[in-house]
Amino acid sequence: MPELPEVETTLRGVTPWLKGAKIAAIAVRQPSLRWPVTPGIEHQVAGQTIVDLSRRAKYLCIHLQRGSMLIHLGMSGSLRIVSAGDEWRKHDHIELQLTSGRSLRYHDPRRFGSWLWSEQAHWQLQNLGPEPLTEYFDGEHLYALSRGRKVAVKPFVMTNAIVVGVGNIYASEALFMTGIRPDRSAGRIALARYQQLATNIKSVLTRAIEQGGTTLRDFVNSSGAPGYFQQQLLVYGRAGQNCLVCHTTLREQRLGQRSSVYCIECQR
DNA sequence: ACACTAACCTGCAAGC
DNA sequence: TGCTTGCAGGTTAGTG
């Protein structure tokens with residue numbers, strides 16, 4: 001669920017229900033997440049109006065009249081709109097209750113996500129690289145920051161200080177699309193290839209967001225259907241299967257504790 | 001500054 | 001069937 005396109009899809013799905021709404025209360029059943037849910041958050045947000053919502057990296061931000069709530073979905077988190085009185089499912093940890101009778105429910109089996117409130121800027125948003133879908137991210141940026149770096153290119157582009165929002169799936173896909181082996185040293189890739197890589201990162205993220213529309217309704221309706229983009233993955237999750245371009249058996253290796261699938265013929 | 005590892009936690013699938 | 005092992009969309013903290 002929680003790739004940048006999923007977070008963006010979630011944002012678009014819940015915004016119409018939340019923007020301008022007034023918070024009646026927040027119920028925290030399980031405060032033990034990646035970081036403890038901000039102590040006293042109940043008293044801080046109750047009665048406030050939601051001014052706006054936004055996304056930065058994979059964080060979702062709910063802006064209040066005073067302060068903001070910063071939500072991360074971790075590896076297994078999701079948000080959905082429920083009606084008052086809807087039964088709680090296992091791993092539903094937090095409910096943001098609105099005066100409208102609707103609520104935003106936070107669900108996260110592995111509890112790697114977070115839900116924080118702060119009156120000040122959140123430190124988690126410090127030192128983040130550019131958004132991949134803006135003009136501030138391009139091949140020149142990757143090229144400049146990679147000079148002298150020996151780290152493999154895949155963990156390099158997955159580093160939030162370099163560029164945000166490129167997770168294991170889309171890093172794998174973009175590297176395949178560009179024909180770059182995931183274990184190639186980041187500092188030994190030419191500018192032209194980084195320009196192609198940046199273009200492909202934008203392309204794959206954009207396409208995934210476009211198809212998030214299907215997932216969007218799932219979130220709102222809480223039907224739990226799987227993501228639609230999954231059907232178009234070229235290498236991620238396909239180790240041992242044939243490359244869709246040259247039919248060579250796709251290989252898998254671990255880089256930075258992440259499985260990386262690639263084609264030894266198409267990627268150099 | 002950089003490269004790399006362990007850790008957080010639950011669920012699920014594969015292997016024995 | 002039941003137990004063990006390893007892996008999963010992320011990020012930080014700690015080690016050299």
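Note on naming: letters A, B, ... go to the chains in the order of the sequence lines (proteins, then strands), and numbering restarts at 1 for each one.
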Set out, line by line, the N/O atom pairs under 3.5 Å between protein and nucleotides 12-15 of chain C.
unit_1	atom_1	unit_2	atom_2	d
dT12(C)	O4'	Arg34(A)	NH2	2.4

Polar-atom pairs under 3.5 Å, protein N or O versus N or O of nucleotides 11-14 of chain B: list them with distances, or write none.
unit_1	atom_1	unit_2	atom_2	d
dG11(B)	OP1	Lys90(A)	NZ	3.0
dG11(B)	OP1	His91(A)	NE2	2.7

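With centres under 5.5 Å and a plane angle under 30° as the test, the ring of Phe112(A) is not stacked against the base of dT11(C).
At a non-hydrogen distance threshold of 4.0 Å, Gly167(A), Asn168(A), Ile169(A) from residues 161-178 of chain A come into contact with DNA chain C.
Residues passing the side chain to side chain donor-acceptor pair (under 3.5 Å) test with Glu265(A) are Arg268(A), sequence neighbours excluded. Partners of Asp92(A) by side chain to side chain donor-acceptor pair (under 3.5 Å), not counting sequence neighbours, listed by chain and number: Arg80(A), Arg105(A), His107(A).
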Please report the C-alpha distance between Trp117(A) and Trp35(A) in whole Å, then the side-chain angles of each, then the deciding distance to 0.1 Å, and finally whether the ring-ring contact (aromatic ring centres under 6.0 Å, His included) criterion is met. CA-CA 11 Å; Trp117(A) 176 86; Trp35(A) 296 285; over 10 Å; no
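Checked by atom type, the side-chain pair Glu119(A)/Gln44(A) shows no donor-acceptor distance below 3.5 Å.
Phosphate proximity of dC8(B) to Arg111(A): absent, as no side-chain N or O sits under 4.0 Å from OP1 or OP2.
A salt bridge is defined here as a Lys NZ or Arg NE, NH1 or NH2 lying under 4.0 Å from an Asp or Glu carboxylate O, and Glu131(A) with Arg56(A) meets this definition.
Between the side chain of Arg110(A) and the base of dA8(C), at least one donor-acceptor pair of N or O atoms lies under 3.5 Å.
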Pair assignment for DNA chain C - dot-bracket with | for other-strand partners, Watson-Crick or G-U under 3.5 Å: .|||||||.|||||||
